[in-house]
There are 2 protein chains.
Amino acid sequence: MGIIERKQRQKEEVRTAILEAAWQLVLQDGWQALSIRKIADAIEYSVPVIYTHFESKDALLMEFTREGFRQLNADLEEARDTAATPAAQLEAMAHAYWSFAVRNPEYYQLMYGLGMPTCETVRQILELVQFSQLNRAVIQALIREGRNPEADVMLKFTTYWSMLHGFVSIHMTSATHATDEFKQMVFSDLVKGVIKNIRD
Amino acid sequence: MGIIERKQRQKEEVRTAILEAAWQLVLQDGWQALSIRKIADAIEYSVPVIYTHFESKDALLMEFTREGFRQLNADLEEARDTAATPAAQLEAMAHAYWSFAVRNPEYYQLMYGLGMPTCETVRQILELVQFSQLNRAVIQALIREGRNPEADVMLKFTTYWSMLHGFVSIHMTSATHATDEFKQMVFSDLVKGVIKNIRD
DNA sequence: TAGTGCTTACTAACACCGTTAGCAAATATA
DNA sequence: TATATTTGCTAACGGTGTTAGTAAGCACTA
């Protein structure tokens with residue numbers, strides 16, 4: 001036959017066209033300006049077509065959230081593999097995290113800022129679970145070689161993550177008029193502090 | 001005369017009615033469901049009346065943002081005055097910050113989550129400047145009695161704030177399925193770590 | 001090949017939203 | 001009492017997410 005295969009392929013093409021058009025619109029005018037109608041206009045299809053690929057606008061945005069975490073996870077793994085010791089790995093990963101946020105502010109905004117994901121939606125994001133595991137593995141290693149090998153991994157991970165996200169979101173909303181140099185200093189201060197905290 | 005005074009008073013009453021109605025709607029259905037039309041309906045006035053009190057919906061939301069920071073600042077000052085040493089003060093203030101976020105999730109969401117305030121809008125929030133000063137004063141005192149009296153106050157303040165906000169926002173989005181007890185442990189861990197970091 | 005289902009994608013509508021122009025009624029002043 | 005001014009209204013504009021109903025195209029069978 002091959003007919004249904006071709007249809008499947010064409011459907012997939014439309015789907016990726018939707019995602020690409022949406023991403024272009026977001027790069028141009030931000031998430032707030034993104035609308036189903038504009039996407040439909042960009043891909044030269046009618047509005048309801050989009051609803052055959054995504055249940056709702058929220059579902060479409062969720063797709064980008066997941067993609068954001070996928071890319072972040074990839075960056076983190078790459079950073080981890082550049083260093084040998086757990087402490088150096090975690091430091092590299094922290095910098096990769098920040099770098100990701102700076103290079104992809106649109107993704108980061110969506111991943112944390114908008115929508116305020118509920119407990120239900122969070123559970124559906126597999127990539128977030130992977131993110132958690134990825135970090136916890138390194139932190140676990142760091143704990144083992146530290147002064148307090150019985151420290152709670154989840155506790156230390158949450159501490160670490162809180163610091164990272166707090167730093168990023170405060171600097172992303174431009175609440176402080178800081179130079180890049182200053183931000184770098186604050187960030188190093190943070191990372192060193194948290195690594196010391198984990199090692200105890 | 002007294003006529004223009006009465007008018008002024010009546011106008012003020014409508015203004016507070018708008019804010020109160022808006023707040024009720026937010027408590028019921030969240031910020032996302034808030035609309036000018038619903039507010040107008042609740043106060044039994046027509047829609048354009050709201051625009052004689054607030055330039056736009058954003059301006060109305062900004063009013064709540066400022067009120068949120070006003071309340072937060074009051075809580076912080078109260079917490080500060082319960083303790084004697086800078087370290088104890090900062091610890092009390094950190095807990096007050098968290099407590100505020102937990103007790104007023106609607107305010108906290110608006111203050112940080114929505115709208116993604118730009119550099120321009122941030123400058124207009126006087127309360128945010130006060131917040132910064134309030135915290136920096138205590139941190140300055142803590143630095144002076146620490147091992148590194150020449151530490152940068154702004155740097156340490158940003159570290160401190162990043163940690164607080166990161167912790168709150170990560171736990172508010174329910175990204176972790178943590179018990180209150182666990183959250184309390186993480187938080188204490190964080191606060192102790194950051195105070196140690198400031199003292200050095 | 002003609003006819004029959006089924007899928008696809010469309011138009012058009014619904015119910016909202018923020019915002020504002022234009023007008024009528026109520027009020028204050030002369 | 002008559003004029004001027006303020007006040008608050010209706011109704012509209014251009015947008016949003018979402019969906020019901022319909023026409024056209026396609027693959028398949030007789």
Side-chain angles (χ1 to χ4, degrees), chain A residues 1-19 21-26 28-65 110 114-118 121, chain B residues 1-19 21-26 28-65 110 114-118 121:
Chain A
M1 285 285 182
I3 290 173
I4 55 165
E5 279 84 353
R6 193 211 62 209
K7 284 198 173 180
Q8 194 85 30
R9 214 166 46 234
Q10 286 179 340
K11 185 149 188 166
E12 195 63 34
E13 278 171 23
V14 173
R15 191 190 144 92
T16 57
I18 291 172
L19 291 171
W23 187 241
Q24 277 306 312
L25 288 168
V26 167
Q28 280 173 35
D29 307 312
W31 292 108
Q32 208 168 17
L34 182 66
S35 80
I36 299 285
R37 281 179 165 84
K38 286 182 191 165
I39 297 171
D41 206 55
I43 62 172
E44 295 178 308
Y45 273 90
S46 70
V47 168
V49 170
I50 293 171
Y51 286 89
T52 65
H53 296 273
F54 300 94
E55 199 183 356
S56 66
K57 190 184 180 183
D58 278 349
L60 201 161
L61 293 182
M62 176 71 89
E63 193 56 46
F64 281 102
T65 302
L110 187 66
L114 307 173
M116 285 282 157
T118 66
T121 64
Chain B
M1 285 283 180
I3 291 174
I4 54 167
E5 280 84 352
R6 192 210 63 208
K7 283 198 175 183
Q8 196 82 31
R9 213 166 47 233
Q10 285 179 340
K11 187 151 188 164
E12 195 62 35
E13 278 172 22
V14 173
R15 190 189 145 92
T16 57
I18 291 172
L19 291 171
W23 186 240
Q24 276 306 313
L25 288 168
V26 167
Q28 280 173 35
D29 307 313
W31 292 108
Q32 206 168 17
L34 182 67
S35 81
I36 300 285
R37 283 179 162 86
K38 285 181 192 168
I39 298 172
D41 206 54
I43 63 172
E44 296 178 306
Y45 273 91
S46 70
V47 168
V49 170
I50 293 172
Y51 287 88
T52 65
H53 293 89
F54 300 94
E55 200 182 355
S56 65
K57 190 185 180 183
D58 278 348
L60 201 161
L61 293 182
M62 176 72 87
E63 192 56 45
F64 281 103
T65 302
L110 187 66
L114 306 173
M116 285 282 155
T118 67
T121 64

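The sequence lines fix the lettering, A, B, ..., with proteins before strands; numbering per chain opens at 1.
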Gap between atom CG of D29(B) and atom CD of Q24(B) - 0.5 Å precision:
10.5 Å

Calculate the interatomic distance between L60(B) atom CG and dG18(C) atom P; express it in whole Å.
10 Å

What's touching nucleotides 15-17 of chain D from the protein side, N or O pairs under 3.5 Å?
unit_1	atom_1	unit_2	atom_2	d
dT16(D)	OP1	S35(A)	OG	3.0
dG17(D)	OP1	I36(A)	N	3.1
dG17(D)	OP1	K57(A)	NZ	2.9
dG17(D)	OP2	I36(A)	N	3.0
dG17(D)	N7	R37(A)	NH1	2.5
dG17(D)	O6	R37(A)	NH2	3.0

Which is it for L60(B) and I39(B) under the side chain to side chain contact (heavy atoms under 4.5 Å, CB included) test, yes or no, and what are the steps along the way?
CA-CA 11 Å; L60(B) 201 161; I39(B) 298 172; 4.1 Å; yes

Just how far, in rounded Å, is C1' of dC17(C) from CG of L25(B)?
15 Å

What side-chain donor-acceptor pairs closer than 3.5 Å can you find for residues 42-52 of chain A, not counting sequence neighbours?
unit_1	atom_1	unit_2	atom_2	d
T52(A)	OG1	V49(A)	O	2.5

Bend of the helix from dT1(C)-dA30(D) to dA30(C)-dT1(D) from end-axis comparison, five pairs per end, nearest 10°, comes to 30°

Please report, rounded to the nearest Å, how far the C1' atom of dT8(C) is from the CD atom of E13(A).
16 Å

Return the set of residues passing side chain to side chain contact (heavy atoms under 4.5 Å, CB included) with K11(B) (not counting sequence neighbours), or none when no residue passes.
H53(B)

Other residues, nucleotides, ligands: >12 heavy atoms within 6.0 Å of E55(A) CD:
no

By salt bridge (Lys or Arg N to Asp or Glu O under 4.0 Å) - contacts of R15(A) (at least two apart)
E63(A)

Hey, mind stepping through L34(B) and L61(B) against side chain to side chain contact (heavy atoms under 4.5 Å, CB included) and telling me if it holds?
CA-CA 10 Å; L34(B) 182 67; L61(B) 293 182; 4.1 Å; yes

Considering residues at least two apart in sequence or located in another chain, which fulfil the side chain to side chain contact (heavy atoms under 4.5 Å, CB included) criterion with D41(B)?
none

ring-ring contact (aromatic ring centres under 6.0 Å, His included) with F54(A): which residues, sequence neighbours excluded?
none

How are the rings of W31(A) and F64(A) set to each other: parallel, tilted or perpendicular (split at 30° and 60°)?
perpendicular

Under a 4.0 Å heavy-atom cutoff, the residues of residues 40-49 of chain B touching DNA chain D are Y45(B), S46(B), P48(B), V49(B)

